[in-house]
Amino acid sequence: MKFGFPQIVNVFGLCLLISTLQLARLTLYSVDYKARLTQSEMHQDLEALINEVELHSAFSALDEHRLAKIQADVEPLIYRATNSLETQYFYAEIVKLLATLEDPGVIVTSPNEPLPVLPVILKPLADSWLALDKNAIPIDADHPFITHIDGLPLSRWEQASQKFISKPLNGSISARVHWLSQLDILRHDMGLPLKDQVTLSLSDNQDSNIQLILPVAKHQFHPPVELIASMVNSLSDADSTSQPLYVSIDSLSRYDSDSELVTSLEKASQQALTIIDLRSAVGDSDKLLHFIARHYPNPTSGYHQTQAPQHLIALGQYRRSLDFKSDFLRPLGFIPFDEFNFFEQLEFSHTSQKIDLNKTDRFGLWYGRRSPLAKNLNTDESATPVSSRLALIIGPECRRECEWIAYFAKSLSRVTLIGEKTSGDLGRRYGFTLPNSGIKIELTASLTYNMQGKLLSSLGTQPDIPLPITEVINWQGLLSLIESEQQDRETVYTHKSPDTEAKRVINIVQGSDGTPTSESSMALQE
């Protein structure tokens, strides 16, 4: 057979066709990432992780020691993993490494099935922990407190679980419960044998103790309780101005498209009290923020009459990178400096003098976020009766635009914040996937400062009424506490003493048997 130019072209065309088909297969079908990783594969993933953090993380640029700590922890990790390692345990190591960044926006997601967890619901109560079943009832009524897991004191397990929680979430009850429940991850981290069963030591907190041996669970249990007891039934009469309205919003974008929700909130603004649950709110729409600014402004007399109108609510910078365009922060509602008006330039000039500019070479141009009052600084208070009040339920999962709502609402005398402190996740994220494990990671790529020049990112907003976000709450007690809180905010703009706050919290947080829950007990002790 003669092998000439036509044959060479045909062979080349065949190779090109095979390559095209292979590329199409990889495009159309999902990649199956490995359940176990070799030492070299882990090394490649860790190198990719460090490179991405160094180039795109705003928090590593803010403090170079954080990246240095991650780099220092990588070497012993590789040394310990001399053999192959399950991807889920590698995922846990990644979480520990990234906790060093103190970045509230870090999200780590593994493509593999989660490892076994505790077969009980843990609930803090003062200095102890309750062990509950999936119906939120103690697994042993006579011995409700858990003291040991697999023979080790619970304090040892708490100490191990703290490695997985970053500083902005240290005070989050939900984060503590989540990581303390990760049985196999903690066993592996502590060098304990992995078993299909777990031994729980229970106590009555006096002199009686028992042990239970239970099979491990595949998924973490969550208590099937509402934040406010019988909320839907007690607030069903939306036509009465004497009845508060309760609305739960999971997506802030829903406000743009749900005309029924808009109508309900507009109507609710005429009532004595409206409660909006934002514990799990996601999305970047600012329509709800502007609704709150329009309907629940501070009075224009007394204390607020002396306050100068604010045109900017915050300043922002993004991490300088070839991957980020100059409009990187626009989706978060920020505008560049060259679009500032005269008053905004004055505010920026005053604030920028208070910001540490030593690391500005690692960040891009300055941006500003306009106050929701900027479009109409002379808000018409007649839009909503002065007696109308708003309560917002917040927590660590209230992020990004929800964070802005909580931050702005904190300054309003007619709005009360209830729940747990937010995490301070105000920046835009950058995401990537590790090549061998398939672990997806999101990092915060921008920083936000308040108009006093203080770093706002990772700070979070404290609630006016601190309550665990999964507790059953006495409804009448909550209403009384909201009313008292709002009266205090309208008359005196100072922080309440811890003793006064503790006595008030105990009145509304109760367990199913009427006894104080963990938060109320800890509040009293403090």
Side-chain angles (χ1 to χ4, degrees), residues 116-150 152-162 164-165 169-183 185-186 198-206 208-212 214 216-217 219-229 231 279-280 393 395-397 418-421 463 465-474 477-478 502 505-526:
V117 296
L118 281 176
V120 296
I121 297 173
L122 296 177
K123 176 180 175 181
L125 179 61
D127 294 329
S128 303
W129 288 81
L130 295 173
L132 311 177
D133 62 18
K134 60 183 179 180
N135 295 315
I137 299 173
I139 57 176
D140 188 289
D142 297 326
H143 304 84
F145 300 99
I146 180 171
T147 60
H148 295 70
I149 300 176
D150 287 343
L152 294 178
L154 199 61
S155 59
R156 288 277 303 277
W157 295 86
E158 286 190 83
Q159 184 178 6
S161 67
Q162 286 295 316
F164 300 90
I165 304 175
L169 293 174
N170 273 344
S172 168
I173 294 176
S174 52
R176 291 173 60 200
V177 169
H178 171 77
W179 283 106
L180 189 53
S181 301
Q182 302 304 304
L183 179 62
I185 286 179
L186 294 181
V198 60
T199 302
L200 305 180
S201 299
L202 305 177
S203 170
D204 63 355
N205 262 6
Q206 294 181 5
S208 180
N209 301 275
I210 63 169
Q211 282 192 343
L212 293 180
L214 303 174
V216 298
H219 302 285
Q220 188 172 348
F221 296 142
H222 296 283
V225 294
E226 295 290 340
L227 175 70
I228 299 174
M231 173 66 75
R279 285 173 293 167
S280 303
I393 303 174
E397 294 307 312
I418 307 167
E420 294 183 25
K421 185 176 81 74
I465 303 176
L467 296 175
I469 59 176
T470 56
E471 296 288 355
V472 175
I473 295 178
N474 179 285
L478 178 60
V505 169
I506 190 67
N507 292 330
I508 65 170
V509 186
Q510 294 183 336
S512 58
D513 59 352
T515 59
T517 63
S518 56
E519 284 295 307
S520 57
S521 298
M522 287 188 287
L524 282 178
Q525 289 186 349
E526 293 173 357

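- In this structure the side chain of Ile139 never reaches within 4.5 angstrom of the side chain of Ile146, judged on heavy atoms.
- Listed by chain and residue number, Leu132, Pro144 satisfy the side-chain contact (heavy atoms from CB on, under 4.5 Å) test with Pro138 (two or more places apart in sequence, or in another chain).
- Side-chain contact between Arg156 and Ile149 is absent, with no heavy atoms from C-beta onward closer than 4.5 Å.
- For His143, the side-chain contact (heavy atoms from CB on, under 4.5 Å) partners at least two apart in sequence or on another chain are Asp140, Leu202, Asp204, Ser208, Ile210.
- In this structure, the side chains of Leu169 and Phe164 stay at 4.5 Å or more apart for every pair of heavy atoms.
- To the nearest 0.5 Å, the span separating CG on Leu154 from OG on Ser203 amounts to 12.0 Å.
- None of Val198, Leu186, Val177 except one satisfies the side chain to side chain contact (heavy atoms under 4.5 Å, CB included) rule with Leu118; the exception is Val198.
- Leu467 contributes atom CG, which lies 7.0 Å from atom CD1 of Ile418 (distance to the nearest 0.5 angstrom).
- Listed for the Trp179 side chain is no donor-acceptor partner under 3.5 Å among the backbone atoms of Ile165.
- Heavy atoms only, all atoms of each residue included: Pro153 and His148 are closest at N-CD2, 3.4 Å.
- Taking 4.5 Å as the limit, some side-chain heavy atom of Gln182 sits within range of a side-chain heavy atom of Gln220.
- If you check the side chains of Thr147 and Asn209, you find no donor sitting under 3.5 Å from an acceptor.
- A salt bridge links Glu158 with Arg176: at least one charged nitrogen is closer than 4.0 Å to a carboxylate oxygen.
- Separation of atoms NZ (Lys123) and CD1 (Ile173) is listed at 10.0 Å; rounding is to 0.5 Å.
- For Gln159, the CD atom counts as loosely surrounded, since its 6.0 Å shell holds 12 or fewer non-hydrogen atoms of other residues, nucleotides or ligands.
- In this structure, CH2 on Trp157 lies 5.0 Å from CG on Asp150, to the nearest 0.5 angstrom.
- At distances below 3.5 Å, not a single donor-acceptor pair connects side-chain atoms of Asn135 with backbone N or O atoms of Ile137.
- Looking at every heavy atom in both residues, Gln211 comes nearest to Ser201 through NE2-OG, 3.5 Å.
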